[in-house]
Amino acid sequence: MRKKLLLGNWKMNKTPSEAKEFALGSKDMVEYAISHGIDVGVAPTFVCLQTVKENADPRLIVSAQNCNEHDHGAYTGEISIPMLQELGIDWVILGHSERREYNGETSEKCNEKIKALLAAKMHPVYCCGESEATFEKGETKKWVAEQIRVGLDGLTPEEAKEVVIAYEPIWAIGTGKSATKEIAEDTIGFIRRTLREMFGPVAADIRILYGGSVKPNNIAEYMSEEDIDGALVGGASLALDSYKGLIEGLVG
């Protein structure tokens, strides 16, 4: 049985002092989640990673929001995997729609990063999702299948099992709109079938999250669906009370 996962993506929010306050205040929530068999984590900005790692419950997953596929070199502004490892960080979000749109990140580039992370025994969280125009044209599955096939190209089944997939329809991120649980389940079920075509039976073990205007008052609806294994949450993960509500929704 796949373990549920809640991962809060803080994006470009929180100073180190604000991140420390959250980390210290989240310890009881993490204990509550772990005691109910749920993995929980947050993805702070690079400047807050060490602060959260040092002040949170050690069982809280602390993820980076990006990394570079190279170990070192003349890549101004980039962060390498060894740098993250020295901080004790072993989770990284890749391919988020905002990075695809604003930073030109492609599925091919994500593929390079995923392979580098897996070689370093780290956990990639690979994001996929379609625009509203693609959704309206009925081409969601075609679009998402291409992102999955390119992003995970060349992986072995055992490697694929270490990747977490996050399906986030772009039209539902930070818009107040959210895909119905039926839409989310239909697409995520399709992603799992695509993974099965690529990697065989291990597809049943790959965790697939839903993201897109997930809040404490709707997370339980998504978690009731068979193929949805948790949530990648943006704004609703920033405040302690809201984060607690998300965990409670996951616990049910």
Using the side chain to side chain donor-acceptor pair (under 3.5 Å) criterion, which residues pair with Lys11? Sequence neighbours excluded. Glu98

Please go through Ile170's hydrophobic cluster and name the other residues, only I, L, V, M, F, W, Y counting, with side-chain heavy atoms under 4.5 Å joining them. none

Is there side-chain contact between Val163 and Leu118, with at least one heavy-atom pair below 4.5 Å? yes

Return the CG to CD distance between Leu94 and Glu112, rounded to the nearest 0.5 Å. 11.5 Å

Decide whether Asn218 and Lys181 meet the rule of one side-chain donor and one side-chain acceptor closer than 3.5 Å. no

When you compare the side chains of Glu130 and Thr140, does any donor N or O come within less than 3.5 Å of an acceptor on the partner? yes

Please tabulate, one pair per line, all N/O donor-acceptor pairs under 3.5 Å involving side-chain atoms of residues 194-204, not counting sequence neighbours.
residue : atom : partner : partner atom : Å
Thr194  : OG1  : Phe190  : O            : 3.0
Glu197  : OE1  : Arg149  : NH2          : 2.6

Does any part of the side chain of Met223, heavy atoms only, come nearer than 4.5 Å to the side chain of Val214, both counted from C-beta? no

Taking the side chain as everything from C-beta on, heavy atoms only, tell me whether Lys14 gets closer than 4.5 Å to Thr45. no

Find out if a path of hydrophobic residues (ILVMFWY) with successive side-chain heavy-atom gaps under 4.5 Å connects Tyr210 to Ile183. no

So which residues get pulled into Ile93's cluster when ILVMFWY side chains under 4.5 Å apart are joined, directly or through others? Leu5, Leu7, Ile61, Trp91, Val125, Val164, Leu209, Leu232

Decide whether Leu60 and Ile34 are clustered together by the hydrophobic rule: side chain heavy atoms of Ile, Leu, Val, Met, Phe, Trp, Tyr closer than 4.5 Å, transitively. yes

Would you sort out whether Ile114 and Leu152 count as a side-chain contact (heavy atoms from CB on, under 4.5 Å), showing the intermediate values? CA-CA 8 Å; Ile114 287 170; Leu152 304 185; 3.8 Å; yes

Counting only heavy atoms from other residues, nucleotides and ligands, does the tally under 6.0 Å from CD of Glu182 exceed 12? yes

Could you list the residues that satisfy salt bridge (charged side-chain N to carboxylate O under 4.0 Å, His left out) with Glu69, not counting sequence neighbours? Lys109

CD1 of Ile81 to NZ of Lys121: how many Å apart, nearest 0.5 Å? 12.5 Å

Please tell me whether Trp143 and Phe135 are part of a single hydrophobic cluster in this structure, the criterion being side-chain heavy atoms less than 4.5 Å apart. no

Using the salt bridge (charged side-chain N to carboxylate O under 4.0 Å, His left out) criterion, which residues pair with Glu31? Sequence neighbours excluded. Arg59

Within the 3.5 Å criterion, strictly below it, is a donor on His96 or Glu105 matched to an acceptor on the partner's side chain? no

Would you call Glu158 and Lys161 a salt bridge, taking side-chain N to carboxylate O under 4.0 Å as the test? yes

Would you please name every residue forming a salt bridge (charged side-chain N to carboxylate O under 4.0 Å, His left out) with Glu132, sequence neighbours left out? Lys177

Counting C-beta onward and ignoring hydrogens, is there a side-chain heavy-atom pair between Ser237 and Val42 closer than 4.5 Å? no

Extract all donor-acceptor atom pairs below 3.5 Å that involve side chains of residues 20-29 and protein atoms in other chains or at least two apart in sequence.
residue : atom : partner : partner atom : Å
Ser26   : OG   : Phe22   : O            : 3.4
Ser26   : OG   : Ala23   : O            : 2.9

Salt bridge (charged side-chain N to carboxylate O under 4.0 Å, His left out): which pairs involve residues 200-223, sequence neighbours left out? Asp39-Arg207

Taking the side chain as every heavy atom from C-beta outward, state whether Ile208 and Asp227 have any atom pair closer than 4.5 Å. no

Which residues pass the ring-ring contact (aromatic ring centres under 6.0 Å, His included) test with His72, sequence neighbours left out? none

Counting distance only, does the side-chain N/O of Tyr167 pair as donor-acceptor with the main-chain N or O of Val144 below 3.5 Å? no

Results of salt bridge (charged side-chain N to carboxylate O under 4.0 Å, His left out) for Lys141 - residues two or more places apart only: Asp186

Using distance only, find each side-chain donor-acceptor pair of residues 238-252 under 3.5 Å and give its atom names and separation, not counting sequence neighbours.
residue : atom : partner : partner atom : Å
Ser242  : OG   : Ala236  : O            : 2.6
Tyr243  : OH   : Gly41   : N            : 3.3
Tyr243  : OH   : Gly41   : O            : 3.0

Report the distance from atom CD1 of Ile206 to atom CD1 of Ile165, rounding to the nearest 0.5 Å. 6.5 Å

Are a donor atom and an acceptor atom from the side chains of Trp10 and Gln65 found within less than 3.5 Å of each other? no

Side-chain donor/acceptor of Glu54 to backbone N/O of Thr51, under 3.5 Å: no

